[in-house]
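Everything below concerns the one structure shown next.
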Amino acid sequence: MGERTQSQYVKLKKDQVPLEDITPGELNQPIEVPQLAVHKCMECGQPLPESYTPPADEAWMTGIFGCAEDRENCLTGLFCPCVLFGRNVESLHEETPWTGPCVCHAIFIEGGIALASATAIFNGYIDPGTSFLILEGLFFTWWMCGIYTGQVRQNLQKKYHLKNSPCDPCCVHCCMHWCALCQEHREMKGRLSENALSGTTIVSAPPIQEMKSSDNKDNPETSSSSDKNHEHTGLELQVV
């Protein structure tokens, strides 16, 4: 007998590795193509370059020293600036609650002012070198907080395309912190009210129109005949 020839078929073996489970619809997810995500102009629809930044040429609705225009806002910024700052951040970033920025502002700003006041009151009881170090640290902290609050003001300017008023946002908060908080709150309050008014449209029903022919007024005989015809046409037919 001849030798046993080798089979031309290959025996398939099942792998021991478990197959990856695929949920229905997982393979039909949209694919992000960076080339298609192009910023376009809102007016003409032309594509804009990646380095394009919208011009900041919009004017503020109120001035930096217009705190008296909103009395409630002014009193809140004067006695509780931390609460006003928290409200501003929450209005600008809806996902951020106002409590977090409020606590940070209270610790670093109000806490620093309280520490500076205590250092000035007990100046004779504290070593002059220690007082100098405390005031130097508070001065540095004040500028750091001005940079942080200035970033919030800068985000507000980018959102509404506002120009620097009267100068750089960080310098405004470092020099006129309370006035800047009140101005930002008034700006967001006015912008939100404008958006609410522009989003609502009032639709009134059209007046009822009646079709009258001038011939009926001139010829009463034709009008009476048309009324009779209308009475005749109002009859209903019933099958016996």
Side-chain angles (χ1 to χ4, degrees), residues 29-30 32 34 37 39-40 42 48 50-116 137-200:
Q29 298 297 326
E32 295 183 1
H39 297 283
K40 296 183 179 180
M42 299 297 295
L48 300 174
E50 297 181 358
S51 60
Y52 173 78
T53 55
D57 52 0
E58 292 288 335
W60 292 74
M61 301 178 66
T62 57
I64 189 68
F65 298 110
C67 301
E69 297 180 7
D70 192 344
R71 184 177 180 181
E72 181 181 359
N73 174 24
C74 181
L75 294 177
T76 305
L78 181 61
F79 296 102
C80 299
C82 57
V83 176
L84 188 62
F85 178 71
R87 292 176 181 176
N88 292 346
V89 176
E90 186 179 21
S91 300
L92 187 61
H93 306 285
E94 297 180 355
E95 67 278 0
T96 304
W98 69 275
T99 53
C102 177
V103 172
C104 293
H105 191 281
I107 292 175
F108 292 101
I109 303 296
E110 282 83 346
I113 293 174
L115 183 58
L138 292 176
F139 183 77
F140 175 76
T141 306
W142 175 263
W143 280 101
M144 293 300 296
C145 293
I147 294 174
Y148 170 67
T149 52
Q151 291 293 328
V152 178
R153 183 181 179 89
Q154 188 175 6
N155 293 335
L156 175 64
Q157 294 182 192
K158 289 182 179 180
K159 183 176 181 180
Y160 297 113
H161 311 294
L162 301 172
K163 57 184 178 181
N164 293 338
S165 175
C167 57
D168 186 75
C170 296
C171 295
V172 172
H173 272 276
C174 288
C175 301
M176 298 173 288
H177 179 67
W178 285 267
C179 296
L181 289 179
C182 296
Q183 184 189 22
E184 293 164 9
H185 186 77
R186 293 193 307 271
E187 187 71 23
M188 284 186 283
K189 185 177 179 180
R191 297 282 180 177
L192 293 177
S193 61
E194 285 185 356
N195 295 336
L197 292 176
S198 61
T200 57

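Model, not experiment: these values are computed from the prediction.
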Review point. Glu187: what forms a salt bridge (Lys or Arg N to Asp or Glu O under 4.0 Å) with it, not counting sequence neighbours?
Key: Arg191
Check your understanding: Is there a donor-acceptor pair under 3.5 Å between the side chain of Trp142 and the backbone N or O of Cys174?
Key -> yes
Check your understanding: For the residue pair Met188 and Ser91, what are the closest heavy atoms and their distance?
Key -> SD-CB, 3.8 Å
Review point. What residues form a side-chain contact (heavy atoms from CB on, under 4.5 Å) with Cys167, not counting sequence neighbours?
Key: Cys171, Val172
Practice item. For Cys67, enumerate each residue passing the side-chain contact (heavy atoms from CB on, under 4.5 Å) test, keeping only those at least two apart in sequence or located in another chain. Key: Cys74, Cys179, Cys182, Arg186
Review point. Between OG1 of Thr141 and CD1 of Ile107, what distance do you get to the nearest 0.5 Å?
Key: 12.5 Å
Point to revise | More than 12 heavy atoms from other groups under 6.0 Å of CZ on Phe108 | key: no
Exercise for review: Write out all pairs satisfying salt bridge (Lys or Arg N to Asp or Glu O under 4.0 Å) with one or both partners inside residues 73-100, taking only residues at least two apart or from two chains.
Suggested key: none
Check your understanding: Can you name the residues that form a side-chain contact (heavy atoms from CB on, under 4.5 Å) with Pro101, not counting sequence neighbours?
Key -> Phe85, Val89, Thr96
Practice item. Find the distance between CG (Leu181) and OG1 (Thr149) and round it off to the nearest 0.5 Å. Key: 7.0 Å
Review point. Once you round to the nearest 0.5 Å, how far does CD of Gln151 lie from NE2 of His173?
Key: 10.5 Å
Practice item. Enter the distance from Ile109:CD1 to Trp178:CH2 here, rounded to the nearest 0.5 Å. Key: 7.0 Å
Point to revise | Residue pairs fulfilling side-chain hydrogen bond (donor to acceptor under 3.5 Å, both in side chains) with at least one residue in residues 100-116, sequence neighbours excluded | key: His105-Glu110, His105-His177
Review point. When rounded to the nearest 0.5 angstrom, what distance separates NE2 in His93 from CG in Asn88?
Key: 11.0 Å
**Study point:** Residue pairs fulfilling salt bridge (Lys or Arg N to Asp or Glu O under 4.0 Å) with at least one residue in residues 139-153, sequence neighbours excluded
**Key:** Arg153-Glu184
Point to revise | Where at least one partner belongs to residues 64-81, residue pairs that pass salt bridge (Lys or Arg N to Asp or Glu O under 4.0 Å), sequence neighbours excluded | key: Asp70-Lys189
Exercise for review: Kindly compute the distance separating CG (Leu115) from CG (Leu138), expressed to the nearest 0.5 Å.
Suggested key: 5.0 Å
Review point. Do Gln183 side-chain atoms and Thr62 backbone N/O form a donor-acceptor pair below 3.5 Å?
Key: yes
**Study point:** Set of residues satisfying side-chain contact (heavy atoms from CB on, under 4.5 Å) with respect to Leu78, sequence neighbours excluded
**Key:** none
Check your understanding: Among pairs that include at least one residue of residues 58-81, which meet ring pair (Phe, Tyr, Trp, His ring centres under 6.0 Å), considering only residues two or more places apart or in two chains?
Key -> none
